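Notes for the one structure printed next.
For ligands, and for the atoms within them, numbers begin at 1 and follow the listed sequence. Since the model is a prediction, treat every value here as computed from it, not as a measurement.
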Amino acid sequence: GLADRLQGTLQKIRGKGKVTEADVKEMMREVRLALLEADVNFKVVKDFIKRVNERAIGQEVLKSLTPGQQVIKVVKEELTELMGGEQSKIAVSNRPPTVILMVGLQGAGKTTTTGKLANLLRKKYNRKPMLVAADIYRPAAIKQLETLGKQLNFPVFSLGDQVSPVEIAKQGVAKAKEEHCDYVLVDTAGRLHIDENLMGELAEIKEAVKPDEIFLVVDAMTGQDAVNVAKSFNDQLDITGVILTKLDGDTRGGAALSIRSVAEKPIKFVGMGEKMDALEPFHPERMASRILGMGDVLTLIEKAQTDVDEAKARELEKKMRTATFTFDDFLEQLSQVKKMGPLDDILKMLPGANKIKGMNNLSIDDKQIAHVEAIIQSMTRKEKEQPEIINASRRKRIAKGSGRPIQEVNRLLKQFEEMKKMMKQMAGMQQKGKKKGGFK
Ligand code: GDP
Ligand code: MG
């Protein structure tokens, strides 16, 4: 993927004490290829390379003490800028309810994202949303939203499929006001392609309810098509932001990098899965870090903070930062982490995780957690604190005590060791990041 290619390229220059103009040019050629391969818009790539070149070949970089690091810093800053720089906030109307219109093509994820966004508004911002079912065309679309509403316990406003979407939207907003809901999310119909009827209807709804936000939902898997769709919708509706869905899938990432500069509107949220908690605010800087393989510790910690109790999360962060970490912590974290979702996803967010050989060995199937717990519980206190003392005879005893094969004990010890190594690496990167002011 994009991350691997960029990391490979940047690795070559990272430690260099002296960087020549030719080095930078050579590197930029590879960065350019990596971006094009990731399906980033051609013109966006061209401008990006031009900007990085101008800065990287400048005197401040070539004459600095760590030119390799400086080049990487420039690349990271420009990637961040490409995605809009700062994180965008969601609007709050001073005359509630805040009205959000969800628009996009069929299958992009509008209805699902409407549910997820309501969920996030309640969970993270403590808001009270109402959902409005204004897609009267797709069979069962109203039912789909009503089911989500029931599942998440949100009120859903609908008038069936015989009333015009404009009327439904209008009455829905009035109802939300009456019920003192502070957000109202209007789910609209999509088409397979952009057409005049669709745009006409959306423009009418816009005129009728004067939304504070118009979120365009686009499918990241569609690559450059997503970017073109964003441009058309913005030209015709003047959207306020983009929600990029299905970033959990096998996307090459090009859409995330191109949308802002082509459609001139920020990505506000990203969808990372089908579940109702799989929506995250979009942070350009963190995304840039992720692309460059510096990991995404902040998102990881944020996730821990909403899903896991806060004191424990803070402790988790500290242990990770200082890389002092025993099997007892591991056990505690397994139970915390179980609440946060699939372990693979969590591990992937750790810096450098994708560079570690045998990352697959490191991933732990959720079903195996019980076995892991049994093994750890069969260790003595001293063994948990100083795993290096666990020799062959101790391994045998632990295997027996836990009822697990000895190979499994060996594997766990090895995984634990690698995890610690990874954390050390991460702590190192954070230190470096702090020094150059690269992390917030
Ligand atoms: P709509 O036609 O725009 O309303 O699209 P839907 O909300 O019905 O979603 C279409 C499909 O995309 C459904 O199967 C969703 O579960 C799926 N989907 C939506 N968002 C995501 C996401 O972020 N990740 C994944 N993997 N699937 C998603
Ligand atoms: Mg829908």
> Around the Mg ion (ligand 2), what protein N, O or S atoms are found below 2.8 Å?
Replying inline: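 Atoms qualifying: T111 OG1.
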Would you call [X] and [Y] a salt bridge, using N to O less than 4.0 angstrom?
X	Y	answer
K231	D235	yes
R55	E77	yes
K89	E86	no
K150	E146	no

> With hydrogens left out, which residues have an atom under 4.0 Å from ligand 1, given that only heavy atoms count?
Replying inline: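 The 4.0 Å shell around ligand 1 contains L105, Q106, G107, A108, G109, K110, T111, T112, K116, R138, Q144, T245, K246, D248, G271, M272, G273, E274.
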>> Any heavy-atom pair between the side chains of L101 and F215 that's under 4.5 Å?
In response: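 The answer is no; the side chains never approach within 4.5 Å.
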> Should the ring pair F416 and F327 be called parallel, tilted or perpendicular, given that the plane angle runs from 0 to 90° and is split at 30 and 60?
Replying inline: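 The rings of F416 and F327 lie parallel, inter-plane angle below 30°.
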> Which salt bridge (Lys or Arg N to Asp or Glu O under 4.0 Å) pairs, counting each pair once, include a residue from residues 183-193, with sequence neighbours left out?
Replying inline: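 Salt bridge (Lys or Arg N to Asp or Glu O under 4.0 Å) check on residues 183-193 returns R191-D195.
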> Residues two or more places apart in sequence or in another chain: which of them pass side chain to side chain donor-acceptor pair (under 3.5 Å) with N234?
Replying inline: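 Listed in chain order: K265.
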> Roughly how far apart are F233 CZ and I214 CD1, rounded to 0.5 Å?
Replying inline: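 Between atom CZ of F233 and atom CD1 of I214 there are 10.5 Å.
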